Amino acid sequence: MDNSVSSQHSLVSVRNLSFSRGNKKIFDDISLDFQRGKITAIMGPSGTGKTTLLKLIGGQLYPEQGTITVDGQNVHQLRRADLYNLRKRMGMLFQSGALLTDMSVYDNVAFPLREHTHLTESMIRTLVLMKLQAVGLRGARNLMPNELSGGMARRIALARAIALDPMMILYDEPFTGQDPISMGVLVHLIKALNNILGLTSIIVSHDVHDTSAIADYIYVLSGGKIVGQGTPKEIQQSESEWVQQFMTGAADGPVHFHYPAKDYVDDLLSSGKRY
Amino acid sequence: MIQLLQNLGATTRTSFTKLGRGTYFLLQTISGTFSVLLRPRLLLNQMYSVGVLSFLIITISGLFVGMVLGLQGYYTLSDFGAEETLGVMVAASLVRELGPVVSALLFAGRAGSALTAEIGLMKATEQLSGMEMMAVDPVKRIITPRFLAGLISMPILAALFSAVGIIGGQIIGSGLLGVDEGAYWSQMQANIDFRDDIINGVIKSVVFGFVTSWIALFEGYDAIPTSEGVSRATTRTVVNSAFSILGLDFILTALMFGDD
């Protein structure tokens with residue numbers, strides 16, 4: 001892919017990114033592009049740093065090497081005020097929903113509006129009800145977060161994420177732990193919001209089936225590298241054994257079933273020491 | 001031996017890094033003061049949960065401490081026929097020492113541990129991270145109001161503790177043991193100095209409020225975001241606050257009353 005051409009159309013571009021946690025290399029010189037108006041999915045086994053990538057894009061973590069540009073701005077060179085201005089145009093949906101537990105659903109959705117705008121309460125009310133209507137939970141506005149199911153909490157968090165009409169939304173594992181119905185609802189919502197509001201969506205997920213159904217482009221990460229990329233169809237037909245193992249869920253393959261250890265027989269026969 | 005040195009070095013380094021993080025955190029917290037003052041509602045809500053909700057434990061403990069002082073003081077003083085000075089003894093002990101110290105220890109147990117747990121859980125459930133991504137500074141929005149609330153509530157709670165304690169001492173002293181009520185109050189009035197006793201006590205409680213709130217909020221903010229991490233942080237808050245309060249009390253007392 002020619003970087004110079006693709007980055008003109010991309011809202012977010014990641015170039016030569018490296019990041020480590022302790023001695024473990026999470027990303028090793030990777031480059032990705034996220035096109036405007038599209039849904040791009042990042043997939044890969046647990047522990048490949050998918051969530052870390054979202055935090056890097058949001059400017060919550062700093063890369064060791066490489067750059068991340070969002071809408072033409074280098075995220076990690078912005079001053080704090082500019083970074084906050086950029087974040088107002090990004091929504092992020094956390095895995096847990098991250099709703100503020102001491103506030104009702106209504107106040108949670110109103111929170112970004114109250115913090116960042118000087119709108120009157122009656123206008124805030126109208127906006128909050130519109131956002132809640134969009135996720136189908138207008139009737140739940142008086143509930144507290146601990147009264148919501150996991151799926152409902154995520155939908156409320158989604159309503160909050162679109163409260164300031166962002167240009168893009170980052171989804172962190174939106175489908176994990178959902179029953180088939182609320183999974184269906186979320187899949188439908190993500191697709192619909194992306195198309196109706198003209199958003200750019202980045203979904204981090206290991207849910208192969210549902211993510212493939214709505215994504216326009218998929219990156220498969222493993223061991224700090226991009227092991228496959230393409231449209232869902234191309235990914236399905238990929239010949240890479242990494243991608244195949246991930247898509248089919250095979251227990252052994254390039255990602256080994258066994259955690260690294262010394263030889264099994266030697267280990268059993270060695271005596272004396274406890275470990 | 002080498003191992004010992006290495007461990008010592010590692011521990012020192014970890015402690016100093018933590019101290020550095022804590023200081024930076026404190027500066028960030030204080031720098032949010034102005035924006036909190038513009039939104040007094042945030043502060044009032046926190047003063048309710050930090051201060052008002054500690055009211056009961058402070059007043060009841062204050063009453064009992066005062067009553068014990070009344071009993072003990074009476075038995076000691078009556079040996080010398082000086083039971084008329086019971087009021088001075090009770091008031092001086094409370095205003096100078098027991099009021100600020102005991103109420104700060106109770107405050108650390110009641111409000112400090114609650115603050116650490118609250119902030120730690122907010123961190124563990126990604127609420128702080130979520131706020132950052134909504135372009136809201138969690139330190140200004142969450143930490144600073146709680147810090148200021150602790151700072152303001154602590155001297156008020158300590159004053160309440162002392163006041164209730166003095167009444168407790170009077171109930172036992174004059175109500176039960178027959179010390180003259182007029183003597184109890186007038187001796188107190190004559191011998192307790194506003195500058196030397198009361199102001200010094202208030203200064204102590206402000207210092208304790210500052211330190212306890214700082215420790216509680218920092219431990220929560222710095223907690224490992226798991227349930228185990230939060231529970232450890234809560235324990236550390238109570239232990240470290242108690243050490244700091246008692247240590248600082250010695251230093252402050254030496255500075256304030258050393259010259260007499």
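Just so it is clear, the structure is predicted and the values come from calculations on it, not from any experiment. Keep in mind that the numbers below use all heavy atoms, side chains included, and drop hydrogens, waters and symmetry copies.
- Using a 4.5 Å cut-off between heavy atoms, A:M92 touches chain B through its side chain atoms alone.
- Proximity to chain B is limited to the backbone of A:L99, based on heavy atoms less than 4.5 angstrom apart.
- Side-chain contact check for B:S113 and B:T237: no donor-acceptor pair (N or O, by modelled atom type) lies under 3.5 Å.
- Residues B:P155 and B:S205 approach most closely at CA-OG, 3.3 Å, considering heavy atoms.
- Side-chain contact annotation: B:T253 with B:K204, donor-acceptor N/O pair under 3.5 Å present.
- Taking the charged nitrogens against the carboxylate oxygens, A:D172 and A:K55 have no contact shorter than 4.0 Å, which rules out a salt bridge.
- Considering only heavy-atom pairs separated by less than 4.5 Å from chain A, the leading option among B:R39, B:M131, B:E132 is B:E132.
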